[in-house]
J.: 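Attaching a single structure in structure tokens format; questions to follow.
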Amino acid sequence: MSNFSVFNYPNLGFYGGPMPIEHLLRESVRSLPVYQPGKPIEVVARELGLKPSEIIKLASNENPIGACPAALEAIPRAMKDLWLYPDNSAWQLSGVLAEKLAVKRDQITLGAGSNELFYLLCDLFVESGIEVVMGAQAFISYKIATLLAGGTPVCVPMPDYTHDLDAMREAVTEQTRLVFLPNPNNPTGTRLPAQEVEAFARSLPEHVVFCYDEAYREYDPDPLDVVRLIDEGLPIIATRTFSKIYGLAGLRIGYGISSRDLAARLNSVRPPFNTSSLAQAAAVAALGDEDWVRHSSEANRQGIGQLGAGFDALGLEWVSSTANFVLVRFENSSKVADTLQQTGIIVRPLKGYDLPDHLRISVGTEPMNARLLEALSRLHQ
Ligand SMILES: *Cc1c(COP(=O)(O)O)cnc(C)c1O
């Protein structure tokens with residue numbers, strides 16, 4: 001028997017509720033903003049007493065058509081090996097990626113979603129006194145990862161909902177180690193032309209690593225050839241994901257493309273077995289399904305057209321989008337979000353992005369978009 005007993009340690013609060021932990025926390029964790037995910041369908045269904053099938057989720061930029069069929073076929077085949085740990089080097093997936101991208105296998109770093117790459121980058125480069133430059137309305141994970149690592153996010157204003165690359169360049173100091181740029185951006189949907197991003201990448205000083213987040217690359221009609229810049233030796237990491245156009249958000253898999261040195265360092269801080277064997281197998285299959293990507297981006301283009309026309313007809317202000325969602329302005333956005341949710345339509349409020357008047361609405365299938373527009377038109381009467 002151990003000598004340890006809670007009766008000897010009255011401060012553990014055995015009788016007074018749970019032991020307080022606040023004072024034990026790392027400084028960087030105490031005031032960390034919390035990532036607000038879109039509400040899951042099951043949760044809203046339970047809250048409203050509706051069937052999950054009656055609810056549509058337009059809140060997390062998932063592919064509304066569903067998961068890539070080739071990936072769905074690969075998963076049962078991979079299941080018999082579930083008793084084994086995954087291949088930590090992801091030999092097969094990194095090989096397929098390397099061939100497709102014309103890079104070396106050891107230039108790839110796999111993450112449990114591309115989100116994990118942002119945290120790994122901050123693990124490598126950020127600590128107290130280090131600055132990380134990002135847009136004020138850029139994807140919020142960059143800010144959270146920076147703060148968690150004890151660094152200082154430098155949030156640069158985004159006029160017209162678009163990254164201001166000149167201002168971002170000016171925000172870089174001797175203390176800057178990382179710059180994040182998502183293109184197209186979430187949550188604004190705006191896109192910068194490839195030449196401007198390339199000029200920006202070339203303008204950065206050598207002590208800065210540039211993270212170019214391409215979560216929505218497949219929706220961009222004219223994406224930057226970022227591998228060419230990495231080949232040239234610029235300190236860039238491009239991050240990509242299977243969560244969006246491939247429809248595999250639930251599997252959690254994404255990757256980074258960088259120099260071998262950076263990939264090796266990222267792998268040195270990556271938790272072992274961070275991507276599952278099912279995710280790796282599904283990703284391999286998905287990469288072979290180019291029809292799916294074409295079909296999904298075409299459906300998305302039509303969906304943006306349908307939503308845009310509908311928003312115009314309702315006299316709503318919206319931001320032109322190159323991604324799979326649209327930023328829309330409302331007089332009373334939280335009331336609109338609540339009312340939509342009551343009718344089983346989940347959209348995303350953006351208070352955490354300092355866009356309190358806007359909602360981000362993911363593009364749905366044709367009937368989903370029609371149902372959303374119908375619900376909005378009832379609101380507007
Ligand atoms: C969705 C998204 C990601 C990727 O998320 P994962 O599911 O973690 O791969 C990355 N960046 C942006 C801007 C996104 O919107």
Side-chain angles (χ1 to χ4, degrees), residues 35-38 40 57-64 67-68 71 90 93 97 108-122 132 134-146 148 153 155 158 161-163 178-192 197 210-220 223-224 226 237-257 266 270-271 274-276 278-280 282-283 286-287 296 300 319 321-327 347-348 350 352-353 355 358 360-363:
Y35 184 85
Q36 300 280 358
K57 184 181 177 206
L58 303 175
S60 300
N61 308 339
E62 292 131 338
N63 185 336
C68 168
L93 175 55
L97 281 169
I108 305 289
T109 312
L110 289 172
S114 54
N115 259 290
E116 190 175 27
L117 276 302
F118 312 143
Y119 287 81
L120 298 181
L121 283 165
C122 290
V132 179
M134 61 195 75
Q137 279 81 38
F139 190 43
I140 205 143
S141 275
Y142 317 139
K143 192 192 228 170
I144 298 174
T146 300
L148 181 59
C155 299
M158 293 175 54
Y161 310 102
T162 308
H163 281 89
L178 270 174
V179 173
F180 283 102
L181 181 69
N183 193 35
N185 180 42
N186 172 17
T188 61
T190 52
R191 163 190 181 271
L192 293 167
V197 177
F210 178 31
C211 177
Y212 188 51
D213 177 358
E214 300 188 284
Y216 302 96
R217 176 188 174 88
E218 296 85 356
Y219 299 100
D220 184 341
L224 172 66
V226 67
I237 173 164
T239 56
R240 298 185 187 171
T241 182
F242 291 92
S243 298
K244 302 290 156 61
I245 208 156
Y246 289 105
L248 300 174
L251 271 182
R252 311 306 304 129
I253 187 154
Y255 61 97
I257 317 161
L266 285 164
R270 178 174 64 81
N274 62 329
T275 61
S276 71
L278 295 189
Q280 291 180 23
L287 287 168
S296 297
N300 184 67
V319 179
S321 171
T322 312
N324 63 346
F325 54 85
V326 186
L327 192 63
V347 298
R348 179 73 73 90
L350 296 170
Y353 285 91
L355 291 168
H358 290 78
R360 192 192 65 197
I361 301 178
S362 306
V363 176

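Counting from 1, the numbers follow the sequence of the chain as shown. Atoms within a ligand are numbered from 1 in the order they appear, just like the ligands themselves. Note that the structure is a prediction, hence the values are computed from the model and not measured.
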J.: Can you list everything that forms a salt bridge (Lys or Arg N to Asp or Glu O under 4.0 Å) with R217? Sequence neighbours excluded, please.
T.: E214

J.: Apply the test side-chain hydrogen bond (donor to acceptor under 3.5 Å, both in side chains) to residues Y246 and N63: give CA-CA distance (whole Å), side-chain angles for both, the deciding distance (0.1 Å), then the verdict.
T.: CA-CA 7 Å; Y246 289 105; N63 185 336; over 6 Å; no

J.: Given N115 and Y35, is the side-chain hydrogen bond (donor to acceptor under 3.5 Å, both in side chains) satisfied, shown in steps?
T.: CA-CA 11 Å; N115 259 290; Y35 184 85; 5.4 Å; no

J.: Among residues at least two apart in sequence or on other chains, which ones pass salt bridge (Lys or Arg N to Asp or Glu O under 4.0 Å) with R348?
T.: none

J.: One line per pair, note the atom names and distance for all nitrogen or oxygen contacts under 3.5 Å between ligand 1 and the protein.
T.:
| from | atom 1 | to | atom 2 | distance (Å) |
| --- | --- | --- | --- | --- |
| ligand 1 | 5 (O) | N115 | ND2 | 3.4 |
| ligand 1 | 7 (O) | S243 | OG | 2.6 |
| ligand 1 | 7 (O) | R252 | NH1 | 2.8 |
| ligand 1 | 7 (O) | R252 | NH2 | 3.4 |
| ligand 1 | 8 (O) | S114 | N | 3.2 |
| ligand 1 | 8 (O) | N115 | N | 3.0 |
| ligand 1 | 8 (O) | N115 | ND2 | 2.9 |
| ligand 1 | 8 (O) | R252 | NH2 | 2.8 |
| ligand 1 | 9 (O) | S114 | N | 2.7 |
| ligand 1 | 9 (O) | S114 | OG | 3.1 |
| ligand 1 | 9 (O) | T241 | OG1 | 2.5 |
| ligand 1 | 9 (O) | S243 | OG | 3.4 |
| ligand 1 | 11 (N) | D213 | OD1 | 3.3 |
| ligand 1 | 11 (N) | D213 | OD2 | 2.5 |
| ligand 1 | 15 (O) | N186 | ND2 | 2.7 |
| ligand 1 | 15 (O) | Y216 | OH | 2.6 |
| ligand 1 | 15 (O) | K244 | NZ | 3.2 |

J.: If the condition is ring pair (Phe, Tyr, Trp, His ring centres under 6.0 Å), which residues does H358 pass it with, not counting sequence neighbours?
T.: Y161

J.: In terms of ring plane angle, is the pair F242 and Y255 parallel, tilted or perpendicular, where the classes change at 30° and 60°?
T.: tilted

